[in-house]
Structures are given as C-alpha cells and as structure tokens.
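Working notes, structure below.
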Amino acid sequence: MSKPKPLRKAVLPVAGLGTRFLPATKAMPKEMLTVVDRPLIQYAIDEAREAGIEEFCLITGRGKDSLIDYFDIAYELEATLRERNKVDALEALKPSSIEAGSLVAVRQQEPLGLGHAIWCARSFIGDDPFAILLPDDIVQAKTSCLKQLADAYYQTGGSVVAVTEVPREHTNRYGILDTGKDDGRLVEVKGLVEKPKPEDAPSNLSIIGRYILTPEIMPHLSKLEKGAGGEVQLTDAMAKTIGEVPFHGLRYEGRRFDCGNKIGFLEAQIAFSLDRPDLADDVKGFLKNYTQNL
Ligand code: UTP
C-alpha cells in the first residue's frame, strides 16, 4: 500500500430544512441549536480539528447565513468584552474563530439529498481524501470519533465510515452495511444499502454522520442518480466505490446522539451537561427532583 494522502479537508452539509425542529428552525439553522452552550456546528468543527482537519467547506442553503457569521470575527462584541475585562467570555469565543481562508461556503440551491450536497463541494475536494461530518450527530468520546476514523484511514488507505448497531426494526432509517471480514472493531464493507426494510437489511450495522472518503467517489456522485426517497443518496455512490478502494466500517468508541430528532437532542443536553464540572452537580440535583416521582 502506498502512503495514504494526508487528510486535511472536511465537508459539513448544513443545507437541510430541519423540519423536525420546526418552528425553531423557521428562522435559524438547525446547526445553530445549542447543546449546553455551544451550537451543534461547533462540536463538529472541534471534532474535525482534533482529527487534523485544516480546511472546512460548509454546504449551505437559504437562511443559513448565521452559520457563516458565527465563524467570523465579532469586532464590536470583542472590543466591548475587552473594555469590560471579561476574560472568560473572550476565551469562550476562541473556538468559533477559523483561520482566514480556511472556511469556504458553497450553496446547495435545492436540498436534493446528501449525495447532491457533497457533489456541490467537488471543486473544494479536488483530488484529495476528505471527511464528512453531519453536525446533527454529535459523539461524546475520549478520542474524537473523526480522529478514530482518521487513524483507520491511515491504517487501511481507503474509505472508512463510523458504524453502530441499531435495532433491526430501525434499519429503514439508515445506510446499512453488508459486512465481510470483521475483527470486532474494523469491518470490511462488501455492500451498502440506504434505508432497507428490516426484512431486506443485510445487517443491523448502520452508518452515522461521520465519513472519510477517497476522491474516487466523485465520478459516481457526478451522475446524480436518484435513490431512496427520490434523493441523490451518498450511500449509493459510496457503494459503487467498493472494489475500487478499500472500504471499512469502524465501530467507534463513544456515545452518539442524534440531535436531528428531539429525543436525541434532549438526551445530549443531559449527557453533555453531566460532563461539565461547572454544571454537573446542579444538573444531578434537578434530575433527582424530576425523576423521584416518575
Ligand atoms: P436530514 O435527513 O437530517 O435532513 O439531513 P434535514 O433537512 O437536516 O432535517 P429534517 O429531516 O427535515 O428534520 C442530514 C444532513 O444532511 C444535510 C442536512 O443539513 C443534515 O446535516 N443535507 C441533507 C443537506 O445538506 N442537503 C440535502 O439535500 C439533504
């Protein structure tokens, strides 16, 4: 195996409509919803940075401009905070600044599917490997989920997707793996199916919103073929690269919260606040009060 190209780029699709969070998402992007005190998009950027990502591409749509503003410098705010000597508040702003020229945004004019969203980043991707992070999935882990995937990418030299077991009756919500060799952590991918019915699903291993893909996927994506739900599915194009490049699923270590749905989002608030030394005791206290009569 020749040495894999360094992984430096990440694509973050944020052009979806976020209908499951209406009315909140009527006038703000889903990715700006906060878990504790940070927007979902910040968790994704932090995770990507930990994996060595240096260049970011947001796939945006109408009504998503606040995401771009979020990563800009807030001159007036910072000047006021400095004047008032609000050191902690200034410190809290730091992760939201991205080096000049390292963040680009591309518009997906119509939300035609995740595959179409990634195709919109084709100029950014060029001939390089790239990560995809869906910001509505957040993962609580000692080593960030994308870092674990990046390690597996350098080990295998091919595409790697984060996978987790789901109840068989839920396979019709996810991209599902047809599995080959499996060492309990790294699973060879023999096939991929988007949202199969439980009786047709080749396994119950589903892909979560973290991927590292090699550029071989782009010619397949460019065909813009529609799949499940009439959308251009990323899973279908990934399936076509099997055999062209090594392709693995990684059972990552950590806990994933699907913040694209309400229960996952609420659970994430509890889990991440219990992880915060400044909040944990208070949160435990009120949880006890709420739960004692359940
Ligand atoms: P979802 O399936 O969660 O769709 O997309 P959504 O529109 O965000 O939310 P709901 O289902 O209406 O509540 C998964 C990810 O893919 C992006 C979304 O922004 C989200 O990060 N996406 C999806 C796009 O960027 N473009 C698309 O055409 C579809």
Side-chain angles (χ1 to χ4, degrees), residues 10-35 39-48 56-68 70-71 103-122 124-125 130-139 145-146 161-164 166 170-176 192 194-196 206-211 213 217 221-238 256-268:
V11 181
L12 297 99
V14 294
L17 299 176
T19 53
R20 284 169 290 171
F21 273 96
L22 285 170
T25 46
K26 182 181 172 194
M28 79 184 272
K30 174 172 71 173
E31 299 76 16
M32 286 302 291
L33 294 173
T34 55
V35 169
L40 292 173
I41 191 75
Q42 182 73 64
Y43 287 88
I45 295 285
D46 290 351
E47 189 180 327
F56 303 90
C57 178
L58 294 182
I59 310 297
T60 70
R62 277 179 296 282
K64 302 277 182 169
D65 292 351
S66 59
L67 283 161
I68 318 282
Y70 175 79
F71 290 108
L103 176 78
V104 298
V106 173
R107 280 246 176 157
Q108 182 192 23
Q109 287 89 342
E110 289 177 278
L112 299 178
L114 184 56
H116 181 262
I118 302 303
W119 175 75
C120 291
R122 60 196 179 282
F124 170 80
I125 293 165
F130 62 102
I132 302 172
L133 298 100
L134 306 187
D136 38 8
D137 268 341
I138 56 176
V139 185
C145 180
L146 196 68
V161 292
V163 297
T164 190
V166 294
H170 292 172
T171 56
N172 57 356
R173 301 180 189 173
Y174 304 101
I176 299 290
L192 289 165
E194 184 63 30
K195 301 189 173 70
S206 95
I207 305 176
I208 71 153
R210 299 288 182 275
Y211 314 69
L213 301 178
I217 191 164
L221 265 186
S222 301
K223 296 190 182 127
L224 299 178
E225 284 167 14
K226 288 187 179 159
E231 295 193 342
V232 180
Q233 295 289 354
L234 179 64
T235 306
D236 296 343
M238 289 193 302
R256 168 257 195 154
F257 300 89
D258 178 1
C259 294
N261 80 61
K262 290 174 195 125
I263 289 298
F265 182 67
L266 293 172
E267 197 184 345

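Each ligand, and each atom within it, is numbered from 1 in the order the structure gives.
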Quick note on ligand 1: atoms under 4.0 Å from a heavy atom of Leu114 include exactly 16 (O), 29 (C)
Per-atom filter on ligand 1: closer than 4.0 angstrom to a heavy atom of Thr19 are 10 (P), 12 (O), 13 (O)
Legend entry - 4.0 Å protein heavy-atom contact status of atom 8 (O) of ligand 1, strictly under: yes
Nearest non-hydrogen contact to atom 28 (O) of ligand 1 from the set Pro135, Cys120, Gly113 belongs to Gly113
Just by distance, do the side chain of Tyr43 and the backbone of Val35 share a donor-acceptor pair under 3.5 Å? yes
inquiry  = Just checking Arg62: does its CZ atom have more than 12 heavy atoms from other residues, nucleotides or ligands closer to it than 6.0 angstrom?
reply    = no
Looking only at heavy atoms, the pair that brings Glu194 and Gly175 closest together is OE1-CA, 3.6 Å
Going by the 4.0 angstrom heavy-atom rule, the piece of Lys30 near ligand 1 is side chain
Atoms of ligand 1 under 4.0 Å from any heavy atom of Leu112, numbered from 1 in the order shown, are 28 (O)
Ligand 1 to Gln108, heavy atom cutoff 4.0 Å, flagged ligand atoms 24 (C), 25 (O), 26 (N), 27 (C), 28 (O)
The atoms of ligand 1 lying under 4.0 Å from a heavy atom of Val14, numbered in the order shown, are 19 (O), 25 (O)
For Leu17, the atoms of ligand 1 under 4.0 Å from one of its heavy atoms are 6 (P), 7 (O)
Going by the 4.0 angstrom heavy-atom rule, the piece of Ala117 near ligand 1 is side chain
Side-chain donor or acceptor of Gln108 paired with backbone N/O of Ile59 under 3.5 Å: no
Logged contact type for Glu31 with ligand 1, heavy-atom cut-off 4.0 Å, is side chain
| said: Donor-acceptor check, side chain of Glu31 to backbone of Ile41, threshold 3.5 angstrom: yes or no? | reply: no
Taking only non-hydrogen atoms of Asp136 and a 4.0 Å limit, the atoms of ligand 1 in range are 3 (O), 20 (C), 21 (O)
Rounded to the nearest 0.5 angstrom, the CZ-CG distance for Arg173 and Asn261 is 8.0 Å
